[in-house]
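Structure first, commentary second.
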There are 2 protein chains.
Amino acid sequence: MNPTSSPRASGETLLFLTDEQLRQGIEAMFFAYRGFTADPDKILEEHGYGRAHHRAVHFINGAPGTTVNNLLNILGVTKQSLNRVLRTLIEDGLVESHVGQKDRRERHLFLTETGKDLEAKLTVVQQHRMRAAYRQAGPDAVSGFRRVLEAMMDPELLQAYSKLRQD
Amino acid sequence: MNPTSSPRASGETLLFLTDEQLRQGIEAMFFAYRGFTADPDKILEEHGYGRAHHRAVHFINGAPGTTVNNLLNILGVTKQSLNRVLRTLIEDGLVESHVGQKDRRERHLFLTETGKDLEAKLTVVQQHRMRAAYRQAGPDAVSGFRRVLEAMMDPELLQAYSKLRQD
DNA sequence: TTGGAATGTCAACAAGGCTGACATAAAATG
DNA sequence: CATTTTATGTCAGCCTTGTTGACATTCCAA
């Protein structure tokens, strides 16, 4: 049942994967993603926010001053959908929107101190779970995990992801 | 930047993971999950269905005759939410619901041939992407990927997942 | 300078979560 | 055996967050 316990041993170029093993991988992704979002969701609920707010706050934190257009490209939603979320975050004083100086059509987004506080709380619990998972899976598992995830991304998403990493 | 290029080499019991490395793992999960669902979503859209329909069809396929109650425990949604999805699938002739013979309160769920056809189409594209990702990441990566995912699940979800695997 | 493209906002709608109310059937209790 | 309690599933209505359409503002290029 181990994906590498195949006719060809680990380290070979070819993998022998049954449909059943792939099906298990699919279900593992589903269940793991649920666990991955469970802890932040609890905190968000206390504040009356949803996962959409988390995503916005997360990426604004990682790229302060980014524009609405940049953000919606990364998040993969429409600007109208993002706008509703941003409006509530701005009203609640977690995000500030500044008119661009070079191009006054653009709005540059920043987290306020309150916004940074929430972002930190959300990140802490998610990092905690990921650290625990890494520790439980062992050091050898971590790089494999990351390599598979990156290979599973759409090319344009991988590009966005890599860009975020190098900044 | 490699998560295992830490003061302690691979194979040790302790991991040295910076907050930044964990943050990258979080974003990798986000982008990878998007890629993971992208292909089925296209097919579903052609049929006027959403991800909720995919989940239902997937798990009914894996456990034919399962009850509504079983299904909503696995999916982690309310019965009311699941019911709406099931109703459309039944109306469209993809799922059949049979009153239980032992306990007539229960409804046992089965895929029709049409339902099996759609499930197969969805699974094929998702298996295709996962196979490609495994191949690209290499054989050593696969078991690590799976171990981290399983460690990231909530315990009760891990139990549900393991139960599905052994059946 | 003027027409088109880019950016962001407002309005209205759809999918899929949620709670509440309820019908039916089984089980427990008197 | 009758009646209350519990379990399962369905119907109705609400909220979040996705969608498209219409539009104001600003920039840029013809």
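These numbers were taken from a predicted model, which means no experiment stands behind them. Naming: A, B, ... by sequence-line order, numbering from 1 per chain.
Between A/Phe30 and B/Phe59, a ring centre-to-centre spacing shorter than 6.0 Å is recorded.
Using five terminal pairs a side, the axes of the helix from C/dT1-D/dA30 to C/dG30-D/dC1 at its two ends make an angle of 0°, given in steps of 10 degrees.
Applying the ring pair (Phe, Tyr, Trp, His ring centres under 6.0 Å) test to every pair with at least one member in residues 61-83 of chain A, sequence neighbours left out, gives no pairs at all. For residues 81-91 of chain A, every residue pair satisfying the side-chain hydrogen bond (donor to acceptor under 3.5 Å, both in side chains) rule, not counting sequence neighbours, is listed here: A/His53-A/Thr88.
Put simply, the side chain of A/Arg129 never gets that close to the backbone of A/Asp39: no donor and acceptor are under 3.5 Å apart. The closest donor-acceptor contact from the side chain of A/Arg55 to the backbone of A/Leu75 lies at 3.5 Å or more, if one exists at all. Using modelled atom types, no side-chain atom of A/Gln136 and backbone atom of B/Val148 make a donor-acceptor pair closer than 3.5 Å.
Here the range on DNA chain C touched by chain B, meaning any atom under 4.0 Å from one of its heavy atoms, is C/dG16 to C/dA26.
Evaluation of the salt bridge (Lys or Arg N to Asp or Glu O under 4.0 Å) rule for B/Lys79 yields no partner, not counting sequence neighbours. B/Arg34 is linked by a salt bridge (Lys or Arg N to Asp or Glu O under 4.0 Å) to nothing, counting only residues two or more places apart in sequence or in another chain. Qualifying salt bridge (Lys or Arg N to Asp or Glu O under 4.0 Å) partners for A/Asp19, counting only residues two or more places apart in sequence or in other chains: B/Arg131. With sequence neighbours excluded, no residue forms a salt bridge (Lys or Arg N to Asp or Glu O under 4.0 Å) with A/Lys121.
For A/Ser81 and D/dT17, the shortest distance from a side-chain N or O to OP1 or OP2 is not below 4.0 Å.
Under 3.5 Å, the side chains of B/Gln24 and A/Arg146 contain a donor-acceptor pair of N or O atoms.
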- Query: With the sugar-phosphate defined as primed atoms, P, OP1 and OP2, and the base as all remaining atoms, what B/S/- string results for nucleotides 23-30 of chain D, 5' to 3', for protein heavy atoms under 4.0 Å?
  - Reply: ---BS---
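Contacts with DNA chain D (heavy atom under 4.0 Å) in residues 40-56 of chain A: A/Gly50, A/Arg51, A/Ala52, A/His53, A/Arg55, listed by number. Near DNA chain C, defined here as any heavy-atom distance below 4.0 Å, the residues from residues 64-73 of chain A are A/Thr67, A/Val68, A/Asn69, listed numerically.
A/Leu82 has its CG atom 14 Å from the C1' atom of D/dT19, to the nearest Å. If you measure from atom CZ of A/Arg84 to atom C1' of D/dC15, you get 11 Å, rounded to the nearest angstrom.
Expressed to the nearest 0.5 Å, how far CG of B/Leu44 lies from NE2 of B/His54 amounts to 6.5 Å.
A salt bridge between A/Glu150 and A/Arg147 is absent, with no side-chain N of the basic residue lying under 4.0 Å from a carboxylate O of the acidic one.
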List the atom pairs, donor and acceptor, that lie under 3.5 Å between side-chain atoms in residues 98-112 of chain B and the rest of the protein, sequence neighbours left out.
from: B/His98; atom 1: NE2; to: B/Glu96; atom 2: OE1; distance (Å): 3.3
from: B/Asp103; atom 1: OD1; to: B/Arg105; atom 2: N; distance (Å): 3.0
from: B/Asp103; atom 1: OD1; to: B/Arg105; atom 2: NE; distance (Å): 3.1
from: B/Asp103; atom 1: OD2; to: B/Arg105; atom 2: NH2; distance (Å): 2.9
from: B/Arg107; atom 1: NH1; to: B/Arg104; atom 2: O; distance (Å): 3.3
from: B/Arg107; atom 1: NH1; to: B/Arg105; atom 2: O; distance (Å): 3.2
from: B/His108; atom 1: ND1; to: B/Gly65; atom 2: O; distance (Å): 2.8
from: B/Thr112; atom 1: OG1; to: B/Gly93; atom 2: O; distance (Å): 2.6
from: B/Thr112; atom 1: OG1; to: B/Leu94; atom 2: O; distance (Å): 3.3
from: B/Thr112; atom 1: OG1; to: B/Thr114; atom 2: N; distance (Å): 3.4
from: B/Thr112; atom 1: OG1; to: B/Gly115; atom 2: N; distance (Å): 3.2

